[in-house]
Amino acid sequence: MAKGDLLKDLNYGDMLTTPGYSVEYAVGTTYSVDLKSLLIVPYSLGMFGDLSKQVKASPMFLLESIRRSSNIFTLFCQRGGIHVPNDAQSYYPLLEDSIIEMQNKKSPMSNFHPKLWVIKEMNRETGDEQMKVIIMSKNLVIDNNLDVVVSMTGKIGTEDSPNIDKLSPLHDYLYRLSDFAADDRQLRIRSIADDLYKVDTFEVDDNYFEKDGYEFVPFFYGECLNDKISFPRSFAGTSMMVISPFIDQQTLSILNSRVTKGESVLVTRSNYVTKEVFDLFNKENSSIWIMNDQMVNNDIVPVDLHAKMYLVVSPKDENSIFLYLSSANATGAAFHQNSEILLRLKLKRGQYVFKKFRDEFLQLNDKGESLVFEQLHEPIESAADNQYTELEKYVRQLLTTDFQGEVSEVTDKLYNVTITAQAIESPFKVTISPLQAPSMGRELKERITFENLSLDKLSEFYVLKADDGVNPVNEIIKIPIRGIPENHNDEIFRSIVDTQEKFYNYISFMLCDDPEEYVMELQQMKEMADISGTNRQQVRMPVRIYEQLLKIAANDPNRLRNLEDVMRIVGNETYTQEFRQLYELIKPLIFSLKKLQ
């Protein structure tokens, strides 16, 4: 169903999965991402279900989530849009293959700004497949801002859809993205795009929207891929409601150009309501709303506007009411330079449709008052247009250069990494360091060498810092590195699961049916061991694992392939030998049980 949720607490991860379905592949886009938030994706796609914070904090859960799902999703983001974490976790490099940075080198100040997920799912009981499309205004970061999201699903059939023209813009958008991926990821993204053509229709909530009245409206660096819709023709109506945190006066003037007797409403952030913007709405049937001070400036959970929506009544040549849910701000850059994604829904005609939507979004009571928003009656003196600083412009230009890296082996355990970059003269102090070795920061030059890094510290994530003495820029970039050993990810895994106790815990977590119960039991056993001064885990875990192996062999032997994959990763470490001997002893029984099924 197509659902737009306003002022409700939505769990990002819950949106990515459907109860009863497994994810075959997922393609996501975002402007910015922090690595801690990115863990939401493998958590969700790992198909563990709804788990407590205690389980999600478990290193076993984290590792198993990444192992299960890192190869079934790709996330595209703005180059330089990866936030620097407060601490470098050893598992972050396990995520880097899933991230592809996007940038328009011909126009460094344009943004890759869409917030989209296209997810192919399969019903675990029937084998039926469906496509889920999620379009939102939220980046993949942790914040409390007010955002909007719409989710749609459609069944994947065996024949081409009669609505290919409606699906083509999204199909073509995925193909554009796939050009920046390589090998298997490129093939899988294109496969999802092609499967879109087998979706007859995406379901919408027919209480509010016209069936098949939706249009996907992607912009790829200023080019609209839907030839039925154009800016500003399809966006300027006889009545307008613009919901956008970032705005510019020229774009708002264009959007309001056809509003004469109708209503014009702007919902935005206060710091962009200049006198010129205020004057556009300082007339009858027009108003400007901002989130009130109690929402924005409280010390508990500050909330500001981040949603982007356009309610358009009767745009040119179309006598209908349309709602756009989007990533696009009401700025010239959004519609002429950036990559964006919008979904247009056709509302059912009815009395007071505009008023009902306005009042619901603003949370207005019968007296026209809101506990969330307030109406502006004068411009904000300190307001100004959103402008990039000279430092930000320099960094954007810097990131268009060709960074490359190469690994050379020093010993069998230590490596040097040499980074080369095209020199750009800089008036600012710029340093670079490996994400996994932040203390090794070096001044950015054409050639830099980071020496004596262990295998688990090698990564394509690098922290770029630039400082103008006022507002420093601190962001992660990906640098393609040649020569990273093929066993790099395995070494990271082994650096985390590096004792017999951790190995048994991990294996048992993989095999258990109830992670909640297992983690609770594990905690109780640890407390008992601490009290008695003994390590009881090493005695009891093999017994539990033996029981789990037999149970899985009888009921779901395919799960044992995951176990064998982990055994391959950890190799022949001493702490695995007891378990390997156990596994070899019961393997004939496992194969016998398989044959009986």
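Values reported hereafter were calculated over all heavy atoms of this structure, with side chains retained and with hydrogens, waters and symmetry mates removed.
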Asker: Search all heavy atoms of Arg396 against all heavy atoms of Pro108 and return the closest pair with its distance.
Answerer: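 Taking every non-hydrogen atom into account, NH1-O, 2.9 Å.
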Asker: Under 4.0 Å between a side-chain nitrogen and a carboxylate oxygen: does that hold for Glu101 and Arg79?
Answerer: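 So Glu101 pairs with Arg79 through a salt bridge.
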Asker: Using the test side chain to side chain contact (heavy atoms under 4.5 Å, CB included), find all partners of Tyr208 that sit at least two apart in sequence or belong to another chain.
Answerer: Asp205
Asker: Taking all heavy atoms of Phe235 and all of Ile229, pick out the closest pair and write down the distance.
Answerer: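 So the two residues come closest at CE1-CG2, 4.0 Å.
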Asker: Without hydrogens or angle criteria, can the side chains of Asp248 and Thr331 be said to hold a donor-acceptor pair below 3.5 Å?
Answerer: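 Asp248 vs Thr331: no donor-acceptor pair found between side chains.
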Asker: Would you say NZ of Lys211 has more than 12 non-hydrogen atoms from neighbouring residues, nucleotides or ligands within 6.0 angstrom?
Answerer: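 No, the 6.0 Å shell around NZ holds no more than 12 heavy atoms from other groups.
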Asker: Check the side chains of Asn338 and His113 for a donor-acceptor pair under 3.5 angstrom, ignoring hydrogens and angles.
Answerer: no
Asker: Which residues satisfy the ring pair (Phe, Tyr, Trp, His ring centres under 6.0 Å) test with Phe216, sequence neighbours excluded?
Answerer: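 Checked Phe216 against ring pair (Phe, Tyr, Trp, His ring centres under 6.0 Å); matches are Phe202, Tyr214.
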Asker: Have Ser370 and Gln363 got a donor and an acceptor in their side chains that come within less than 3.5 Å?
Answerer: no
Asker: Can we say Asp143 and Lys138 salt-bridge, meaning some charged N sits less than 4.0 Å from an Asp/Glu carboxylate O?
Answerer: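 Salt bridge between Asp143 and Lys138, a charged N being under 4.0 Å from a carboxylate O: yes.
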Asker: Can you list the residues that meet the side chain to side chain contact (heavy atoms under 4.5 Å, CB included) rule with Thr30, with sequence neighbours excluded?
Answerer: Val33, Leu75, Cys77, Asn139, Leu140
Asker: Does the side chain to side chain donor-acceptor pair (under 3.5 Å) test come out yes or no for Tyr12 and Ser44, once each step is laid out?
Answerer: CA-CA 9 Å; Tyr12 194 110; Ser44 301; over 6 Å; no
Asker: Got a sec, which residues hit side chain to side chain contact (heavy atoms under 4.5 Å, CB included) with Ala437, two or more places apart in sequence or on another chain?
Answerer: Pro434, Met440, Leu453
Asker: Between the side chains of Thr201 and Asp212, is a donor N or O closer than 3.5 angstrom to an acceptor N or O?
Answerer: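 On atom types as modelled, these side chains qualify, holding a pair under 3.5 Å.
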Asker: Going by salt bridge (Lys or Arg N to Asp or Glu O under 4.0 Å), name the residues that satisfy it together with Glu121, two or more places apart in sequence or in a different chain.
Answerer: Lys132
Asker: Under 6.0 Å from the CD atom of Gln250, do we count more than 12 heavy atoms belonging to anything else shown?
Answerer: no
Asker: Look at Lys355 together with Glu263 and state whether they make a salt bridge at an N to O cut-off of under 4.0 Å.
Answerer: no
Asker: Would you find more than 12 non-hydrogen atoms of other residues, nucleotides or ligands less than 6.0 Å from Ile142 atom CD1?
Answerer: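 Enclosed: over 12 neighbouring heavy atoms sit under 6.0 Å from CD1 of Ile142.
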Asker: Of all heavy-atom pairs between Ser107 and Ser110, which one has the smallest distance, and what is that distance?
Answerer: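 Here Ser107 and Ser110 meet closest at O-OG, 2.6 Å.
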Asker: Between Phe219 and His336 (judged by ring centroids, cut-off 6.0 Å), do the two rings come close enough to count as a pair?
Answerer: no
Asker: If you count every heavy atom of other residues, nucleotides or ligands that lies below 6.0 Å from Asn86 atom CG, does the total exceed 12?
Answerer: no
Asker: With no hydrogens and no angle check, is any side-chain donor or acceptor of Gln397 less than 3.5 Å from a backbone partner on Tyr394?
Answerer: no
Asker: Taking all non-hydrogen atoms of both residues into account, name the closest pair between Ala236 and Ser257 and its distance.
Answerer: CB-OG, 4.2 Å
Asker: Charged N to carboxylate O under 4.0 angstrom, Lys356 versus Glu360?
Answerer: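 Looking at Lys356 and Glu360, the cut-off is not met.
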Asker: Excluding sequence neighbours, so at least two apart, what forms ring pair (Phe, Tyr, Trp, His ring centres under 6.0 Å) with Tyr272?
Answerer: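 For Tyr272, the residues satisfying ring pair (Phe, Tyr, Trp, His ring centres under 6.0 Å) (neighbours in sequence not counted) are Phe246.
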Asker: Give the minimum heavy-atom separation between Pro245 and Thr268, together with the two atoms involved.
Answerer: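 Result for this residue pair: O-OG1, 3.2 Å.
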Asker: Does one side chain, of Gln337 or Asn111, offer a donor that lies under 3.5 Å from an acceptor on the other?
Answerer: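 No - no donor-acceptor pair under 3.5 Å links their side chains.
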Asker: Hey, is NZ on Lys228 packed in by over 12 heavy atoms from elsewhere, all under 6.0 Å?
Answerer: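 For Lys228, atom NZ is crowded (more than 12 foreign heavy atoms under 6.0 Å).
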Asker: Once ring pair (Phe, Tyr, Trp, His ring centres under 6.0 Å) is applied, do any residues pair with Phe220, and if so which ones, sequence neighbours excluded?
Answerer: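 By the ring pair (Phe, Tyr, Trp, His ring centres under 6.0 Å) rule, Phe220 matches no residue at all.
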Asker: Please set out all donor-acceptor pairs under 3.5 angstrom arising from side-chain atoms of residues 279-290, sequence neighbours excluded.
Answerer:
{"residue": "Asp279", "atom": "OD2", "partner": "Lys275", "partner atom": "NZ", "Å": "2.9"}
{"residue": "Ser287", "atom": "OG", "partner": "Trp289", "partner atom": "NE1", "Å": "3.0"}

Asker: Mind checking salt bridge (Lys or Arg N to Asp or Glu O under 4.0 Å) for Lys105 and listing every partner two or more places apart, or none if nothing turns up?
Answerer: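 For Lys105 there are no salt bridge (Lys or Arg N to Asp or Glu O under 4.0 Å) partners, ignoring immediate neighbours.
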Asker: For Arg176, which residues count as a salt bridge (Lys or Arg N to Asp or Glu O under 4.0 Å) partner, sequence neighbours excluded?
Answerer: Glu223
Asker: Nearest heavy-atom pair of Met309 and Leu323: which atoms, and what distance?
Answerer: CE-CD1, 3.9 Å
Asker: State plainly whether the residues Glu96 and Lys478 are in salt-bridge range, i.e. N to O under 4.0 Å.
Answerer: no
Asker: Going by salt bridge (Lys or Arg N to Asp or Glu O under 4.0 Å), name the residues that satisfy it together with Glu374, two or more places apart in sequence or in a different chain.
Answerer: none
Asker: Can you give the donor-acceptor pairs under 3.5 Å from side chains of residues 465-474 to other protein atoms, not counting sequence neighbours?
Answerer:
{"residue": "Asp467", "atom": "OD1", "partner": "Gly469", "partner atom": "N", "Å": "2.7"}
{"residue": "Asp468", "atom": "OD1", "partner": "Val470", "partner atom": "N", "Å": "2.8"}
{"residue": "Asp468", "atom": "OD1", "partner": "Asn471", "partner atom": "N", "Å": "2.8"}

Asker: Is it true that Tyr310 and Ser244 share a donor-acceptor pair across their side chains at a distance under 3.5 Å?
Answerer: no
Asker: Verify the neighbour count for atom NZ of Lys36: are there more than 12 heavy atoms of other residues, nucleotides or ligands below 6.0 Å?
Answerer: no
